Structure formats: C-alpha cells, structure tokens
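Scroll down for the structure; my scribbles are underneath it.
Only a predicted model underlies this, so the values are computations on that prediction, with no experimental measurement involved. Chain letters run A, B, ... following the sequence lines, proteins first, then strands; residues in each count from 1. Heavy atoms only: backbone and side chains are in, while hydrogens, waters and symmetry mates are out.
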Amino acid sequence: MKYLKFLILGVIFGIVLSKSEVISWYRIYEMFKFDSFHMYGIIGSAIILGIVFIQVIKRRHLKSIEGTEITFAPKNMSVARYLIGGTIFGLGWAMTGACPGPMFALLGHGIGVFLVVIASALVGTLTYGMIRDKLPH
Amino acid sequence: MIEFISQPWPWYVGGPAIALIMLGLLYFGRSFGVSANLRTMCTIGGAGKVASFFDFDWTKQIWNLVFILGAIIGGAIAHNYLTLDPGVDLASNTVSDLQGLGLADPGGEFVPSALFSWERLFTLKGLVMLVGGGFLVGFGARYAGGCTSGHAISGISNLQIPSMIAVVGFFIGGLLVTYFVLPYLLG
C-alpha cells in the first residue's frame, strides 16, 4: 500500500503527458522547428511554477510526508558531462520523439514497437555504465 | 466533464500539472526523474555483475518503477477513455515541412504509424530511428545524469547550472537531428 500514492501520481503523469500531447512525435519535431509555442509553454510554465515551489519549500523548511525536511542534492559541476551527454540524449529525443517518460506512456497507447525503443534505451544505459570510466565527466 | 477533459489540453494546463506532479513526489520524499528507472532495470537484470555503476540497492527505487507503471496505465486510460479525436493540431509550417519530406497526413494521429510500426522497424531507416534513437536516449540520459524530467524540469526548477547546460545539449542534439538527419530518415 505504501506504493499506491506513487502509482496514482504515475497514472496522472501518463494522462497529463498524453492529453497535453507531450508524447507526440509531431510535437517534438514542431518544437525543434520552433514552429509552435506549445512545448515551450509546457516546459516553461512547469519550470516557473517549479522554481516557486522549490523556493517556498527551501525557505519554509517544509517537511515531507515522512516527517523529514525536504532537501535537494546539488549536482556536481562539470561542462563536458552535461553538454556531451545532453547532446547525445537530444539526438535520440528528436529521432524517437520521446524522452523516457513518454516512451512508457506510449506503451499504454498500445504502440507496441516502443518496447523496442525502451529495450534499446536499456542497452544504451548498460553501455554507458560499462564505459563510463573512459568518458570525460 | 469527461467530454471537457477529453479535448487536447493547452500548454497552460499541461505545464503546471507536471510541476504539481514534481511537487507531489517531493512531498512524498522522492524526486522527479524518469530515466533513473532505466538504470534500475539494468540492475534488476543483473548488470551489477558487469559494471559497478549498476551495483546498488535497487529496492530503494521500487517507488519509481511503480510511478512509471502508473504512467503506462495513465497512457492507456487517456487512449481508451479520454480521447475524442486522436489528431494533433500542428502548426501549418510543421505540416507543410513534413508533407515535403514525404510524410502523409501529418498530425492525423499522435505518433506517425508510418514511422512507428513493426514493419518499419525491419527497414534500415526504421532501425536507425527506433533502435539507434532509443540507444542514444538511454546512453545520453545516464551520461548527462538525467533526462527531461530530471534536468529540464527538476534541475532547472532548483536553479542548477549543470541542468541548464544539459538542456542546451538536448537542443544541440535535437536540432542537429531535426535539420540534418530526419530529412533522410523520413519518407
């Protein structure tokens, strides 16, 4: 039962990604063509509201449901890691039109071939884990 | 009511809803990052034996696997009960671009079935797009330490410079493929 709340949030997430068309390959293509405000509006408004939420959490030292203060681990500074890794991710994002969340939501839409996309993403993750010591971070 | 929410949702509904989901996960003592699940799945599959990167207690990530299972169910609910018209109202520039690249009826469905089907997978272009694209998403997300949810939404909301750099990378890669690779992969 302790996982039920995550299942419910996940269901809402899948519905939101679907109804706001974030899972549409077309919307991602349109975004990278700068033809529509739609995706920028979604990501931008999520960030603006997210900044407000996190500032309030930090300043008021709000606690989670588990009674401990909500904390945020700062990410280690690097340029190579985020720029190279991010660029590789972007190459794949524009091809599949799906980042990891939408990949799973699309399975729910019955587009079975996304199983292959997810399996390939797992192989990509595995490959990174095996050669990460040789990569600039 | 059902009919009302079965219309496509504008950006000013979708974006704030995503921020609220992130807030919900924070309130539950977790953080919003979908691609971490790919690492967890590798670990469950035994990848800890070949790389120490996968050698961690995956039971602490069960909540995230449950979350993504929910996203699959949410996709199915939206598909079966909350969609009146499966089309996407694209910008006219995008429609004419894609028609020029040989794609029939752009926006007629959520995902172009001409590109995302089992038949297409067994063509060279389909293989590059689905298997190659998926591989790059998985490799790049872990290399960058996060995907759209972890960096673009959670990271930038927390004013993290690394996340801003990662998102610049997302766009460098995305623009390269959209302008220089997709013209060869479509049609």
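Listed options B:I68, B:L121, B:L25 were ranked by heavy-atom pairs under 4.5 angstrom with chain A; first place goes to B:I68. Of the listed residues (B:S35, B:A17, B:G107), the one with the most heavy-atom contacts under 4.5 Å to chain A is B:G107.
Once rounded to the nearest 0.5 Å, the distance linking CZ of A:F32 with CZ of B:F171 reads 5.0 Å.
Between A:F13 and B:F67, the ring planes lie parallel to each other; the angle is under 30°, not in the 30° to 60° tilted range. The aromatic rings of B:F116 and A:F114 sit parallel to each other, their planes meeting at less than 30°, with 60° as the upper class boundary.
Legend: residues meeting salt bridge (charged side-chain N to carboxylate O under 4.0 Å, His left out) with B:R30, ordered by chain and number and at least two apart, are A:E66. With sequence neighbours excluded, the residues forming a salt bridge (charged side-chain N to carboxylate O under 4.0 Å, His left out) with B:D57 are B:K60, listed by chain and number.
For the 3.5 Å distance criterion, the side chains of B:N158 and A:K75 fail to qualify, holding no donor opposite an acceptor.
With B:Y179 as the aromatic partner, A:K33 meets the cation-pi criteria of under 6.0 angstrom to the ring centre and within 45 degrees of the ring axis.
If you measure heavy-atom distances from A:I70 to chain B, the contacts under 4.5 Å come from the side chain alone. Both the backbone and the side chain of A:L7 come within contact range of chain B, judged by heavy atoms closer than 4.5 Å.
Side chain of A:S24 to backbone of B:F110: a donor-acceptor contact under 3.5 angstrom is found. Checked by atom type and distance alone, the side chain of A:K19 never pairs as donor or acceptor with a backbone atom of B:A78 at under 3.5 Å. Listed for the A:R81 side chain is a donor-acceptor partner under 3.5 Å among the backbone atoms of B:Y143.
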Practice task
Go through the steps for A:V79 and B:I165 under the test side chain to side chain contact (heavy atoms under 4.5 Å, CB included), then give the verdict.
Solution key: CA-CA 7 Å; A:V79 174; B:I165 300 172; 4.2 Å; yes

Exercise for the section: Tell me, with the steps shown, if B:W63 and A:F6 meet ring-ring contact (aromatic ring centres under 6.0 Å, His included). Expected result: CA-CA 6 Å; B:W63 69 269; A:F6 297 109; 5.3 Å; yes

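One hydrophobic cluster holds both B:I21 and A:L4 under the rule that ILVMFWY side chains link at heavy-atom gaps under 4.5 Å.
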